[in-house]
Amino acid sequence: MTILVTGGRGKIARAVATGLTAAGHDVRVASREPSTLGAAAVSYHPADPGPALHGISQVFLYSDPSSAPAFAAAADAAGVKQVVMLSSLSSLGGPEDPHARTERVIAGGSYATTRLQPGAFMSNAKFWSHQVRATGQIRLPYLDAEEAPIHEQDIADAALRVLLDGPGNGHDGRGYPLTGPESMTRRHQIALITQVTGAPIEAVDLTPDQARAELQLRDPGQRETLLAYWASQVGRPQPIKPGVELLTGHPARTFTTWLNDNPGLFA
Ligand SMILES: NC(=O)c1ccc[n+]([C@@H]2O[C@H](COP(=O)([O-])OP(=O)(O)OC[C@H]3O[C@@H](n4cnc5c(N)ncnc54)[C@H](OP(=O)(O)O)[C@@H]3O)[C@@H](O)[C@H]2O)c1
């Protein structure tokens, strides 16, 4: 009974693999770049996941719309019993959302599926840290947009609960929206960074056109979706979802905890 953890280089996948190993499970970590993870990691090709799925009973899945059909077919062929997929809160925004489309394809297999639907990750602040170290600034559009960012360990803990319970134990076919414990503006997050780390930071509120020029996103469609989403969140506190506490039994971790868990980022 081996559990495959895809997305091996990611912090969520690493925490899931660590938790499963500590619980005594046989874990196979898979990555598109396994050489960076040590000898035990296997190669994962999203377009051809069959080899990594051989002999696997459960999967923690980082997914995307383009490779979802190949995954569903290969997981069926391999006799997988349960897939816990990392989706997104955005999947609740409508059937055309890319994560919603991916969810539908993955759920089409004969295995049990559970969808984890987190909102913004606290770890997005890592991208800001590069700016801070280079310029002392954080340059973002819509600084007053509200979000309830979630700690990646809480997402991993939620995934662990579902995988350790296994298929047939109340999670099959369910989606779990997950947020952090409080809604706050990005401006407030930046103030908290200064408060916790002591790093003086100039918050620069970009116009949408400045953001189009500066945001390092290759896909213009994704960039416009993000800009429209942030614009819609100004002055709209994000509803807090109970998923983390429901699945893990502990309250969702705060942004201050995340900053203390990632020391030196903004130095
Ligand atoms: N960032 C957010 O605020 C946020 C919020 C909600 C949902 N999400 C979703 O969560 C997922 C990860 O987000 P992230 O911000 O951490 O993204 P990221 O930096 O793009 O991805 C990092 C991780 O994703 C894995 N990965 C990427 N594409 C993959 C693929 N096609 N198949 C298998 N693994 C793949 C990588 O694994 P290897 O390179 O080791 O294979 C790596 O572990 C994405 O689906 C994203 O849409 C993100």
Side-chain angles (χ1 to χ4, degrees), residues 4-18 27-38 40-53 56 59-72 74-75 83-93 97-103 105-106 115-130 140 145-156 158-159 175-180 183-184 186 189 215-219 221-223 225-226 229-230 233 238 241 243-244 252 255 258 262:
L4 179 72
V5 177
T6 70
R9 287 182 301 166
K11 205 156 184 181
I12 300 169
R14 285 204 302 271
V16 170
T18 301
V27 180
R28 184 184 299 166
V29 174
S31 168
R32 294 166 304 167
E33 295 287 345
S35 58
T36 58
L37 291 170
V42 303
S43 188
Y44 186 78
H45 301 288
D48 180 23
L53 285 164
I56 291 294
V59 181
F60 175 69
L61 181 69
Y62 278 69
S63 53
D64 64 58
S66 62
S67 62
F71 174 83
V83 174
V84 178
M85 69 176 288
L86 177 60
S87 183
S88 170
L89 199 56
S90 71
S91 66
L92 305 181
D97 174 84
H99 283 286
R101 282 191 277 128
T102 307
E103 286 187 357
V105 175
I106 301 295
R115 295 157 284 133
L116 301 180
Q117 298 161 323
F121 296 175
M122 289 178 181
S123 54
N124 293 343
K126 283 190 178 164
F127 298 110
W128 307 347
S129 71
H130 304 310
L140 289 171
E146 294 260 353
E147 57 189 21
I150 183 167
H151 196 302
E152 55 273 8
Q153 186 64 50
D154 284 335
I155 303 171
Y176 291 104
L178 305 170
T179 66
S183 181
M184 57 182 124
R186 283 121 64 87
Q189 288 178 65
L215 279 182
Q216 308 275 314
L217 286 175
R218 265 172 291 156
D219 177 355
Q222 189 190 6
R223 186 188 60 206
T225 304
L226 269 177
Y229 173 73
W230 288 328
Q233 293 308 112
Q238 183 158 81
K241 306 294 184 188
V244 170
F255 189 53
W258 186 88
N262 291 273

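Counting convention: from 1, in listed order, for ligands and their atoms alike. For this chain, numbers begin at 1 and follow the sequence in order.
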key: Side-chain touch F71/V59, heavy atoms, less than 4.5 angstrom   = yes
task = Examine N124 against ligand 1 and note whether any of their N/O atoms are separated by less than 3.5 Å.
result = yes
ask   = Is there at least one protein heavy-atom neighbour under 4.0 Å from atom 13 (O) of ligand 1?
value = yes
key: Interatomic distance, K11 atom NZ to I155 atom CD1 [nearest 0.5 angstrom]   = 11.5 Å
ask   = Got the closest protein heavy atom to atom 42 (C) of ligand 1, with its distance?
value = G10 N, 3.8 Å
message = Below a 4.0 angstrom heavy-atom separation, can you tell me which part of S31, side chain or backbone, both or neither, approaches ligand 1?
response = both
key: Flag for Q153-W258: side-chain donor and acceptor within less than 3.5 Å   = no
key: Part of E33 with heavy atoms under 4.0 Å of ligand 1, whether side chain, backbone, both or neither   = neither
request  = Would you please determine whether K11 falls within less than 4.0 Å of ligand 1 on a heavy-atom basis?
outcome  = no
Euclidean distance, Q233 CD relative to Q238 CD, rounded to 0.5 Å = 6.0 Å
task = Give the single entry among R32, Q117, R9 that approaches atom 36 (C) of ligand 1 most closely by any heavy atom.
result = R32
inquiry  = I'd like to check whether F121 has a polar contact with ligand 1, where a contact means an N/O of the residue lying under 3.5 Å from an N/O of the ligand.
reply    = yes
message = For atom 20 (O) of ligand 1, is there a protein heavy atom at a distance under 4.0 Å?
response = no
Proximal atoms of ligand 1 relative to A120 (non-hydrogen, under 4.0 Å) = 3 (O)
request  = For S63, check side-chain contact (heavy atoms from CB on, under 4.5 Å) against everything at least two apart and list the hits.
outcome  = L61, M85, T102
inquiry  = If you take the nearest heavy atom of each of S87, S66, P118, which one is closest to atom 9 (C) of ligand 1?
reply    = S87
Interatomic distance, S88 atom OG to F121 atom CZ [nearest 0.5 angstrom] = 7.5 Å
query = Quick one: does ligand 1 sit under 4.0 Å from the side chain of L86, the backbone, both or neither, non-hydrogen atoms only?
reply = side chain
query = Short check: is a protein heavy atom less than 4.0 Å from atom 17 (O) of ligand 1?
reply = no
inquiry  = Does the structure place the NZ or CZ of R186 under 6.0 Å from the centre of the six-membered ring of W230, at an angle of no more than 45° from the ring's axis?
reply    = yes
inquiry  = Strictly distance-based, threshold 3.5 Å: is any side-chain N or O of R14 a donor or acceptor partner for the main-chain N or O of R9?
reply    = yes
query = Can you check whether H99 has an N/O within less than 3.5 Å of an N/O in ligand 1?
reply = yes
G7, any N or O under 3.5 Å of ligand 1 N or O = yes
key: Flag: protein heavy atom within less than 4.0 Å of atom 39 (O) of ligand 1   = yes
remark   = The ring-ring contact (aromatic ring centres under 6.0 Å, His included) partners of Y44 (sequence neighbours excluded) come to none
request  = Report yes or no: does G119 have a heavy atom closer than 4.0 Å to ligand 1?
outcome  = yes
ask   = Do the side chain of T179 and the main chain of K241 share a donor and acceptor less than 3.5 angstrom apart?
value = yes
inquiry  = Which of the numbered atoms in ligand 1 are under 4.0 angstrom from any heavy atom belonging to P46?
reply    = 30 (C), 31 (N), 32 (N)
ask   = With a 4.0 Å heavy-atom cut-off (strictly under), which part of D64 contacts ligand 1: side chain, backbone, both or neither?
value = side chain
